[in-house]
Structures are given as C-alpha cells and as structure tokens.
J.: 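Below are the structure tokens for one structure; questions will follow.
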Amino acid sequence: MSSHDVLGAEGRLPRRGLRVVVIAALVAAVTGFGADRWQQHREADRLLRCVIAGQDQVGYAFRKVAATLTYSSPALTAADSRPVVRASLTEIVQKTARDAVPAVRASGALCSQGNVLRWHPAQRGARSRYLDYLGHEADRLAAVGRDLEVMSTTDAEGAVLRTRALAAVRSAVPGGAQPTVLRLLGPVSP
C-alpha cells in the first residue's frame, strides 16, 4: 500500500476519510464531555454526602453539649451550690465537648478523601470552604472543652465561614440538591 493509495491522487485525504476523521473527533468530544459531566455530578454527590455527614456530626456534638449544659444548669447557677459541685458539673460539660471533637475532625478527614479534578473549580472550592468551616466548628468544640464560657459567646467567625461554605456548596451542587444544602447549612446570614 503506497502513500498514493492512502492520501489519494492529490496528496489529500479522500472525502470518505475526512468524514470518518470528523465523525471520530465529534464522537470523542461528545464522549469526553459526557464523561466530564458524569465526573462533576459524582464529585457534587460526594460533596453533598460530606456536608450531610459533617453537619450531622456538628449538630449532634453541639446538641449533646447544650443538653448536658441544660441538665447541669440548675446546679451550676444555684446560689447555694458548693464550688466543688460547680467544678464537677463544668468538667462534665467540658468533657462532653472534648469527646465530640474527634468525630467532627474525622468527618472532615472523610471529606478530604477522593479526587476532585483540577478543572472543576466549583467542587474544589466548595470542599475547601466546607472543610474550613468544619475545622472551625471542631476548634470551637475544643475551646468549649477548655472554657465553658465559649458556649455563650457569639461566633462571628463561624457565621462567616458557614456563609462562605453555603455559597460555595450551593454553586457546586445541582439545583435539585439546593433544598438539602439550605436545610443543612441554613440560609445565608446578612
């Protein structure tokens, strides 16, 4: 088979060969686009599962600390409570907070697993923002574990991080998942 047979008499691809090359290129482009969209949906699904697991852990931890504090409050705030009783109850609440930190950090570690393709900046940014927020919540629990008064302070930094995470996650997941994101992270704060 000579180059004349492959390229044709004028040294160009015959029309039939050109059609095959164009069709093959179109099929490859459509397949590549479809595979990329599939990967984006997979990453968004993984991100949503990460947010669900993380928010479950954070919510459980803070509810458990709040419930322990509520249960202990009458004795903590009573005028006739002895200092040793107050100290013991404070330690119980703080230990509850400290014990919750590893589970919150573990949910963040699970979120860090799995690849996000370099050319999917929305998913990359959302995961990063959510991990920042989750890390802050774990740090806040650790702070409550050291000083119970932290529980009663306003967490402005946490609110900012949550708002950023919410915006990033909302931009990275499909529209059908938006109600789930809003339920988990709440509305954007003013």
Side-chain angles (χ1 to χ4, degrees), residues 40 42-77 86-116 118 120-190:
Q40 275 184 315
R42 194 168 153 235
E43 292 167 357
D45 185 53
R46 190 180 314 128
L47 174 65
L48 198 53
R49 285 194 317 267
C50 159
V51 170
I52 290 168
Q55 289 306 104
D56 282 349
Q57 281 299 325
V58 168
Y60 175 75
F62 278 105
R63 283 189 305 274
K64 188 172 181 180
V65 171
T68 307
L69 182 58
T70 300
Y71 179 75
S72 306
S73 282
L76 279 170
T77 57
R86 284 188 185 139
S88 294
L89 290 173
T90 298
E91 177 56 30
I92 289 170
V93 177
Q94 289 175 319
K95 184 176 181 334
T96 302
R98 285 192 305 268
D99 289 350
V101 172
V104 174
R105 292 210 191 281
S107 68
L110 286 174
C111 287
S112 297
Q113 294 176 351
N115 292 334
V116 177
R118 203 176 13 240
H120 295 161
Q123 281 82 5
R124 271 181 155 335
R127 182 171 75 172
S128 176
R129 298 269 179 165
Y130 184 70
L131 287 172
D132 290 346
Y133 165 72
L134 202 55
H136 175 80
E137 292 299 309
D139 292 344
R140 184 161 167 84
L141 275 168
V144 170
R146 291 185 302 274
D147 179 10
L148 192 55
E149 293 300 316
V150 171
M151 193 73 174
S152 61
T153 61
T154 302
D155 184 18
E157 182 182 0
V160 167
L161 289 171
R162 185 188 59 76
T163 300
R164 287 180 183 160
L166 171 62
V169 170
R170 286 183 74 188
S171 72
V173 298
Q178 297 300 323
T180 302
V181 173
L182 285 172
R183 181 179 53 78
L184 291 169
L185 290 171
V188 174
S189 321

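Residue indices begin at 1 and follow the sequence shown.
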J.: Could you walk me through whether E91 and V93 pass side-chain contact (heavy atoms from CB on, under 4.5 Å), step by step?
T.: CA-CA 5 Å; E91 177 56 30; V93 177; over 6 Å; no
J.: Working to the nearest 0.5 angstrom, can you tell me the gap between D132 CG and H136 NE2?
T.: 11.0 Å
J.: When rounded to the nearest 0.5 angstrom, what is the spacing between CD1 in I52 and CG in L48?
T.: 4.5 Å
J.: Rounded to the nearest 0.5 Å, how far apart are CG of L69 and OG1 of T90?
T.: 8.5 Å
J.: A138 and V104: which non-hydrogen atoms are nearest, and at how many Å?
T.: CB-CG1, 3.8 Å
J.: Over all heavy atoms of both residues, which pair between Y130 and V51 is shortest? Give the atoms and the distance, please.
T.: OH-O, 3.5 Å
J.: If you look at every heavy atom in S107 and G54, which pair is closest and at what distance?
T.: OG-CA, 3.8 Å
J.: Can you confirm whether S152 sits close enough to E149 that some side-chain heavy atom of one is under 4.5 Å from a side-chain heavy atom of the other?
T.: yes
J.: Measure the CG-CG distance between D139 and L134 for me, rounded to the nearest 0.5 Å.
T.: 10.0 Å
J.: On a heavy-atom basis, which atom in V150 and which in R140 lie closest, and how many Å separate them?
T.: O-NH2, 3.1 Å
J.: How many angstroms lie between CD1 in I92 and OG in S72, if you round to the nearest 0.5 Å?
T.: 6.0 Å
J.: From L161 CG over to L131 CG, what is the distance, rounded to the nearest 0.5 angstrom?
T.: 11.5 Å
J.: Check whether any side-chain N or O of R129 sits under 3.5 Å from a backbone N or O of R164 as a donor-acceptor pair, and report yes or no.
T.: no
J.: Can you name the closest pair of heavy atoms from A97 and V144 and give their distance?
T.: CB-CG1, 3.7 Å
J.: For the residue pair E137 and G158, what are the closest heavy atoms and their distance?
T.: OE2-CA, 4.4 Å
